[in-house]
Visitor: 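First the structure, which I've put down as structure tokens, then a few questions once you've had a look.
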2 protein chains.
Amino acid sequence: MSSRSAGRGEGRPTLEAVAALAGVGRGTVSRVVNGAAGVSPRARTAVEQAIAELGYVPNRAARSLATSRADAVALIIPETETRLASEPFFASIIRGVASELSETELQLLLILVSTERERRRLAGFLDGRRVDGVLMVSVHADDPVAELVESTGLPTVLGGRRSELEPLSYVNSDNLGGAWSAVRHLLGLGRRRVATITGPLDMEASCVRIEGYRRALEEAGVAVEPGLIAHGDFSEESGERAMAELLVREPTLDAVFCASDLMAAGAMRALRRVGRRIPTDVAVVGFDDSPLARHTEPPMTTVRQPSEEMGRAMARLLLEEIAAPGRSHRQIILSTDLVVRESA
Amino acid sequence: MSSRSAGRGEGRPTLEAVAALAGVGRGTVSRVVNGAAGVSPRARTAVEQAIAELGYVPNRAARSLATSRADAVALIIPETETRLASEPFFASIIRGVASELSETELQLLLILVSTERERRRLAGFLDGRRVDGVLMVSVHADDPVAELVESTGLPTVLGGRRSELEPLSYVNSDNLGGAWSAVRHLLGLGRRRVATITGPLDMEASCVRIEGYRRALEEAGVAVEPGLIAHGDFSEESGERAMAELLVREPTLDAVFCASDLMAAGAMRALRRVGRRIPTDVAVVGFDDSPLARHTEPPMTTVRQPSEEMGRAMARLLLEEIAAPGRSHRQIILSTDLVVRESA
DNA sequence: ACGTCGAATGGGAGCGCTCCCAACTTTCGA
DNA sequence: TCGAAAGTTGGGAGCGCTCCCATTCGACGT
């Protein structure tokens with residue numbers, strides 16, 4: 001069934017071959033293939049038959065050359081080795097994007113950028129206009145990669161924004177509400193000395209989660225103490241380290257809200273090491289609802305963010321942007337919700 | 001003059017533009033760009049200067065059309081929603097492949113195939129010869145996707161093989177040795193009623209791991225009892241279910257070797273539910289050494305397989321195969337090792 | 001001095017497709 | 001009945017690149 005059987009000695013069948021077999025001109029075949037109007041039913045049938053018989057599949061490169069579209073989009077993940085593997089967040093994004101794209105003719109190019117060399121390669125790549133649009137996740141405040149992408153003028157959609165005045169389109173989850181509800185929950189449990197372990201401060205999501213933490217505290221009339229805020233970088237080690245610091249600085253804390261599940265897992269480990277019981281002594285809440293949250297001991301209470309849906313929304317937004325390049329940029333905020341397990 | 005591009009906006013510079021500026025012919029520029037021999041130093045310098053001045057980047061589509069190479073490879077992951085996200089194995093493979101590919105000019109196309117529709121789309125895609133080669137992981141015994149790929153005749157490298165007489169090139173980890181050493185370890189601990197929870201039987205890796213289990217037992221003079229073998233599908237739920245079954249069927253078991261960390265996590269949950277202590281009552285060993293293995297309670301003893309290296313090796317093999325299409329297929333086996341933590 | 005040979009070079013001929021327009025056919029109103 | 005409008009159709013002109021061949025040029029041998 002694959003075109004091999006139909007081979008007329010030559011290589012793969014071309015438009016021209018189909019035209020010849022169907023007894024029509026190239027133009028007509030092209031119109032049929034692209035679903036354009038203005039083809040008589042008679043001609044259309046003949047062409048469709050010829051296509052089936054020959055097993056014709058249009059040549060992407062030729063089409064690309066003629067239309068100067070690439071029929072592909074790039075998903076750029078600018079992260080170091082470990083994060084991609086350890087955070088299922090990325091895998092979910094990929095899945096969402098891929099599933100949305102599978103409805104279209106667009107191909108998904110995956111580009112991981114971690115080294116300086118890879119960044120330079122990316123520059124050449126984008127300049128070569130080999131994609132019609134770009135998706136990018138995990139953007140830091142003044143990420144050179146993001147600036148590179150922005151400077152190309154290609155339709156772009158970010159997962160997460162760089163700041164409140166992000167000029168590009170983006171899809172974000174409700175970090176403020178998520179953090180807020182996590183801390184509300186902790187307060188509702190009667191905890192009053194609630195600490196937080198933040199993500200890297202050059203990421204807007206981290207800052208907004210801190211803000212959510214602040215607001216929940218303030219609304220409850222609990223003072224925000226700088227000593228209760230420690231910083232991490234989303235990794236497990238950083239969470240462990242931050243928790244250890246907090247424990248020294250504020251021995252009386254009774255809860256901690258962590259900006260990622262990974263950090264929460266690290267924090268739990270630090271707590272366990274010094275013999276604090278979870279949640280009896282210290283309640284712990286994470287952020288992401290990654291698979292590991294169900295495997296910690298005790299299972300982790302965490303803020304779920306719909307990462308696959310995020311990927312899907314990003315793809316959808318990008319498609320719109322590619323279709324109507326002029327239009328102003330848009331943003332989508334997806335809601336989060338608290339998954340209560342046993343750690344808080 | 002073409003009204004579209006050459007008008008005022010003056011699109012990206014072409015080979016011809018570079019040639020004009022450098023005062024040479026198209027052929028010479030092409031030679032320089034492709035690093036071909038037979039260009040005088042003088043001409044080469046002039047061309048390089050012109051390229052820099054114009055910021056010329058070759059058009060991939062045009063090159064593709066002329067050479068009928070795609071300069072891209074596809075990584076196909078035929079899996080259902082959840083596995084991609086829950087198993088860091090895939091993320092590691094992706095990273096390995098991407099990092100190896102970043103040394104080349106090849107692009108990485110990611111193709112997730114889970115629905116029937118996506119499979120059909122893949123068929124057209126491959127027939128369109130839009131990639132120079134294919135990488136595929138997680139292949140089941142008579143996976144229609146694998147057969148589809150094989151039938152295209154494209155250079156292909158599998159991650160894992162379909163059977164012992166796999167005709168395609170593949171990279172595999174030493175499943176036999178891994179399983180063997182896991183069970184050895186259990187036996188060395190004095191356990192004598194060692195159960196196993198297998199992966200899906202239509203995957204060769206599962207069968208080989210069972211074989212490793214068998215051999216270790218036989219070598220130690222311990223009888224292999226069918227009742228101690230339960231089947232799962234690599235997922236956590238299946239592990240939990242299988243463990244529950246085993247517990248009913250063989251209440252006296254004192255150890256279990258699981259063919260994946262995820263299943264081991266499920267098994268641990270099942271054990272905990274019925275109050276069996278780990279490892280005191282039942283020792284548990286997993287397979288993969290995924291990040292979650294460090295977060296279970298207690299931390300899991302497991303067989304590490306070098307998944308990123310696996311991705312890298314796959315890419316390397318594919319490059320060779322693309323370069324020398326005629327040559328016979330090759331295989332690479334990567335060794336595994338046991339990571340002893342606290343569950344066994 | 002002249003012929004010879006290899007290195008360097010320019011440019012024609014496509015690769016397979018889309019775009020677009022001229023040409024042809026059919027239909028319909030006057 | 002005739003012309004105009006509408007509906008179809010074929011195919012030329014590229015898109016930007018590589019491949020390859022004919023040509024040019026300089027260096028060398030005799």
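Quick note on labels: first sequence line is chain A, next is B, and so on, each numbered from 1.
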Visitor: Could you work out, with side chain to side chain donor-acceptor pair (under 3.5 Å) as the rule, every residue matching A/Glu309, not counting sequence neighbours?
Guide: A/Arg312, A/Arg316
Visitor: I want to confirm an ordering. Mapping B/Leu65 and B/Val39 to their closest nucleotides on DNA chain C, which one lands closer to the 5' end?
Guide: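 Nearest-nucleotide comparison on DNA chain C picks B/Val39.
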Visitor: Suppose we call a contact any N or O donor and acceptor under 3.5 Å apart; does that hold for the side chain of A/Arg60 and the base of C/dG16?
Guide: no
Visitor: Using only heavy-atom distances, decide whether a donor-acceptor pair under 3.5 angstrom links the side-chain of B/Arg31 to the base of C/dG10.
Guide: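 Yes, a donor-acceptor pair under 3.5 Å.
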Visitor: Is A/Thr28 near enough to D/dG10 that one of its side-chain N or O atoms lies under 4.0 angstrom from OP1 or OP2?
Guide: yes
Visitor: Have a look at the helix from C/dA1-D/dT30 to C/dA30-D/dT1 and give the angle its two end axes make, five pairs each, rounded to 10 degrees.
Guide: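 Inter-axis angle at the ends, rounded: 50°.
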Visitor: What's B/Ala43 touching, base or sugar-phosphate or nothing? Going by heavy atoms closer than 4.0 Å.
Guide: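 Sugar-phosphate: the residue B/Ala43, judged by heavy atoms under 4.0 Å, touches backbone atoms but no base.
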Visitor: Toward the 5' end of DNA chain D, which comes first, A/Gly27 or A/Gly38, by nearest nucleotide?
Guide: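 Of the two residues, A/Gly38 wins.
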Visitor: Look at all strands and tell whether B/Ala19 reaches a base, only sugar-phosphate, or nothing, counting heavy atoms closer than 4.0 Å.
Guide: nothing
Visitor: Answer yes or no: is there an ion pair linking A/Glu150 with A/Arg162, defined by an N-O contact shorter than 4.0 Å?
Guide: yes
Visitor: I want to confirm an ordering. Mapping B/Ala66 and B/Gly23 to their closest nucleotides on DNA chain C, which one lands closer to the 5' end?
Guide: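 Looking at the nearest nucleotide for each, B/Gly23 comes out on the 5' side.
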Visitor: Scan B/Thr67 against the nucleic acid and name what it touches under 4.0 Å (heavy atoms): base, sugar-phosphate only, or nothing.
Guide: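 Answer is sugar-phosphate: B/Thr67 comes under 4.0 Å of backbone atoms only.
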Visitor: Would you say B/Ser30 reaches D/dC17's phosphate, i.e. side-chain N/O to OP1/OP2 under 4.0 Å?
Guide: no
Visitor: Please determine whether a side-chain nitrogen of the Lys or Arg among A/Arg121 and A/Glu118 lies less than 4.0 Å from a carboxylate oxygen of the Asp or Glu.
Guide: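 A salt bridge is absent here (no side-chain N lies under 4.0 Å from a carboxylate O).
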Visitor: Does C/dT9 have OP1 or OP2 sitting under 4.0 Å from an N or O in the side chain of B/Ser40?
Guide: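 For C/dT9, OP1/OP2 do have a side-chain N/O of B/Ser40 under 4.0 Å.
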Visitor: Measure distances between side-chain N and O atoms of B/Arg12 and base N and O atoms of D/dG16, and say whether any donor-acceptor pair falls under 3.5 Å.
Guide: no
Visitor: With a 4.0 Å cutoff (strictly under), does any side-chain N or O of A/Asn59 reach OP1 or OP2 of C/dC15?
Guide: no
Visitor: Counting the atoms with a prime plus P, OP1 and OP2 as sugar-phosphate, which does B/Arg26 contact under 4.0 Å by heavy atoms, base, sugar-phosphate, or nothing?
Guide: base
Visitor: Under the criterion salt bridge (Lys or Arg N to Asp or Glu O under 4.0 Å), I'd like the reasoning laid out for B/Arg330 against B/Glu321: C-alpha separation, chi angles, the key distance, then a yes or no.
Guide: CA-CA 9 Å; B/Arg330 291 181 46 195; B/Glu321 203 133 317; over 6 Å; no
